[in-house]
Each structure stands twice: as C-alpha cells, then as structure tokens.
Amino acid sequence: MYFVALVLKSSNPILAFEDLRIVRDGTVILDGVNWRVQPGEHWTILGANGSGKTSLLSALTGYLMPTSGEISVLGEIYGRSDWRELRKKVGLVSSSIRQMMNDAEPALETVASGKLAMIDLWGPPLSRAEKAAALRLLKQVECEYLAEREWRVLSQGERQRVLIGRALMAKPRVLILDEPCAGLDPAAREKFLQFLQRLGGHKNSPALILVTHHVEEIMPVFSHVLILKAGRVLAAGTKSGILNSRNLSSALALPMKLKKIRERFHLNIG
C-alpha cells in the first residue's frame, strides 16, 4: 500500500526561488525561475538535457551564484546567511559524490562522515554516540547489515542507500536525489524505487526532490512536479495537474503520450 506523509503547511516554505536568473559569459542558464517547496511536498524535476536541472541543483546547494533573484532555505536567504550552515540543511545524493568514496571505507563510516559533509572520514575514532547514530540511519535505509562492508564490495543499489543514510546524518530538511537510478539494472532500480516510496512516506522524512529523465521513476509518494525547458519553468505544481502528455511533449520537443498504469507512469513517442 502506498502512503504519503501528511504535514501541515507553515507560513515559510522549505525552499523558495524568487525570480532566479543565472548568466555566465553572456549565456542565460536559468531565467525567471520561481519555485516553492512546502512542508509535506515531495517533488520531481523533469527536463531534457540542457534544460537547466544541473544548474538549478548547483544554485540550490550553493555552488553556483545567482546573477539576480533569491534562494531561501527555511526562510534564510543565500547571501544573507552563512552558506555553510544552509548547505547542511540540504542533503545531496549524486554520482559525483559516489565516485569520490574511499573503496576501503566501511559503510558505517561513510554514513557517519555525512555529519560534517566529509569525504574519506579522518580524525579521532568515531564515538559510541556517532556509531549508534550511523547505525540507526543504516537501519532506516534498510542496510544495517552493511555496516562493516567496504565501499568496494557494495552493489550500486546498496551504495545509493548508504549515500542517502550519509546525507541524512546531518538531519537535512531537503534531500536531493540526482538521477539516483543511473547504473541500476531493472530489478535493482525497482527495489530502490520501492525503498524511496517507503522513505518518503515516513513521518520524519525530509522533503524529497528527485531529478530524473524517466517518468516511470516517479513513485506515488511524489506529490509535485517541476518541468524545466531551456532554463525556464515550463510548468510546476501538483503531479495530477502538471504531468501530462502536452507538457512532456513541449519539454522534450517531441510528440509524447503519457499513460498511467497502477499508479505508475509510462511515456511513449506519440
């Protein structure tokens, strides 16, 4: 059974982009982006290559400065608050992080390293409290049995779950999943997506933001969709109102036909 966490909306959104514009070397990368994520919402970001998805994530995580406009996290505005602290409220799971992990690092240490956003944990040995916290998160991401296994022997699906545990170690309010199913075989992908469904349905789950090219990866727990095209917001809102053949055809510049079968989506050239 699928379920969605119900959270009362507050006056302050978790994330807010106000007229965001990013220009580099005379090229407009993002233009007039307005987007808000409220408590209780889980979003999917869709768009063709070059639509601005990566730049939007870079701006959100503080690695790409806006030319104009504002980004706020929990009411705190980038540029007016300590970016280092704001970044801790935004967890990120991406292939770039996966590729930097130490092959010999046990999964427990990988998760623990997320507290300080550190790659290749070093310094004093983990305290009993840190080990206990990391172990609780491994249990939450359904990988408690991996605690002592080295990174080199983990499957791709296991690595993704461990990285999610690592991101949760800092207790973020937002968790960005940047194409997390890339490299997974069909069975592993489906197991991972079912895991995301359970994670997002948890009452203490951070707001999930899934970046993907594939509509079949949009699980029922995802309530909203943001579609980008050429650096602008093509459509944004509830999944039922935004995810349709017309919007996807426009975003992908091809006639597309969207079907929904048993709460899952499928897309074909129309």
Side-chain angles (χ1 to χ4, degrees), residues 1-5 35 37 40-54 56-57 60 90-98 141-143 155-165 167-168 174-202 205-229 233-252 254 256-270:
M1 179 180 294
Y2 294 128
F3 56 97
V4 178
W35 177 40
V37 176
E41 297 176 350
H42 297 308
W43 284 74
T44 298
I45 300 178
L46 294 171
N49 289 335
S51 62
K53 300 190 301 298
T54 299
L56 188 69
L57 295 187
L60 175 55
V90 181
L92 174 64
V93 175
S94 71
S95 60
S96 61
I97 294 176
R98 188 173 67 228
V141 299
E142 303 170 9
C143 285
S155 70
Q156 291 291 351
E158 289 170 339
R159 289 179 176 183
Q160 292 294 63
R161 293 194 191 196
V162 168
L163 288 179
I164 288 176
L168 294 176
V174 181
L175 179 59
I176 301 171
L177 303 157
D178 186 9
E179 298 190 38
C181 295
L184 300 184
D185 63 46
R189 183 180 76 160
E190 189 58 29
K191 289 180 181 179
F192 182 77
L193 291 173
Q194 294 294 339
F195 159 70
L196 285 187
Q197 176 69 28
R198 294 189 292 273
L199 177 66
H202 195 280
S205 172
L208 301 182
I209 299 178
L210 173 69
V211 182
T212 181
H213 292 286
H214 306 288
V215 297
E216 59 269 24
E217 295 176 4
I218 304 175
M219 298 299 286
V221 76
F222 289 96
S223 57
H224 290 67
V225 176
L226 171 70
I227 302 178
L228 295 175
K229 181 178 182 180
V233 175
L234 176 67
T238 60
K239 183 171 59 180
S240 60
I242 297 301
L243 198 59
N244 55 52
S245 300
R246 177 174 56 83
N247 283 335
L248 291 172
S249 296
S250 178
L252 300 174
L254 277 174
M256 307 300 295
K257 186 171 182 62
L258 183 71
K259 293 183 178 180
K260 186 177 182 181
I261 303 173
R262 297 177 182 175
E263 300 301 315
R264 300 287 292 277
F265 296 94
H266 303 271
L267 190 63
N268 298 299
I269 298 177

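Partners of E158 by side-chain contact (heavy atoms from CB on, under 4.5 Å), not counting sequence neighbours, listed by chain and number: Y145, L146, R149, L154, S155. Judged as a side-chain contact (heavy atoms from CB on, under 4.5 Å), and not counting sequence neighbours, the contacts of K191 are R161. Partners of A182 by side-chain contact (heavy atoms from CB on, under 4.5 Å), not counting sequence neighbours: none found. Residues that satisfy the salt bridge (charged side-chain N to carboxylate O under 4.0 Å, His left out) test with R189, not counting sequence neighbours, are E216, E217. With sequence neighbours excluded, no residue forms a salt bridge (charged side-chain N to carboxylate O under 4.0 Å, His left out) with E179. Annotation: side-chain contact (heavy atoms from CB on, under 4.5 Å) contacts of A48 (sequence neighbours excluded): L252.
A heavy-atom distance below 4.5 Å is not found between the side chains of I176 and I45. Under the 4.5 Å side-chain criterion, counting only non-hydrogen atoms from C-beta, L210 is not in contact with H42. For the pair M219/R264, a side-chain contact is recorded, criterion being any heavy-atom separation below 4.5 Å from C-beta on. When side chains are defined from C-beta on, V93 counts as touching L175, because their heavy atoms get closer than 4.5 Å.
For the atom pair CG of L193 and OG1 of T212, the computed distance is 8.5 Å after rounding to the nearest 0.5 Å. From E41, atom CD reaches atom NZ of K239 across 12.5 Å, with rounding to the nearest 0.5 Å. Rounding to the nearest 0.5 angstrom, the gap separating the OG atom in S95 from the CD atom in Q156 is 10.0 Å. For the atom pair CE (M256) and CZ (R246), the distance works out to 15.5 Å, reported to the nearest 0.5 Å. Atoms CG and CG, on L92 and L60 in that order, are 9.0 Å from each other to the nearest 0.5 Å. Taken to the nearest 0.5 Å, the CG atom of L208 stands 9.0 Å off from the OG1 atom of T44.
In the model, Q194 has a side-chain atom that pairs as donor or acceptor with a side-chain atom of E190 under 3.5 Å.
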- Could you walk me through whether L226 and L56 pass the side-chain contact (heavy atoms from CB on, under 4.5 Å) test, one step at a time? CA-CA 11 Å; L226 171 70; L56 188 69; 3.8 Å; yes

- Item | Candidate pair V174 and W43, rule side-chain contact (heavy atoms from CB on, under 4.5 Å), full reasoning | CA-CA 10 Å; V174 181; W43 284 74; over 6 Å; no

- Task: Test V221 against L196 for side-chain contact (heavy atoms from CB on, under 4.5 Å), laying out the working first.
- Result: CA-CA 8 Å; V221 76; L196 285 187; 5.8 Å; no

- Query: Is there a side-chain contact (heavy atoms from CB on, under 4.5 Å) between V225 and N247 once you walk through the steps?
  - Reply: CA-CA 11 Å; V225 176; N247 283 335; over 6 Å; no

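The shortest heavy-atom contact between G200 and S205 is CA-OG, 3.7 Å. Nearest heavy-atom pair, L184 versus G157, reported as atom, atom and distance to 0.1 Å: CD2-N, 3.4 Å. When all heavy atoms of K229 and L234 are compared, the pair lying nearest together is CB-CB, 4.2 Å. Looking at every heavy atom in both residues, S94 comes nearest to D178 through CB-CB, 3.9 Å. Residue G40 comes nearest to S223 through the heavy atom pair O-OG, 4.4 Å, listed as atom of the first residue, atom of the second, then distance.
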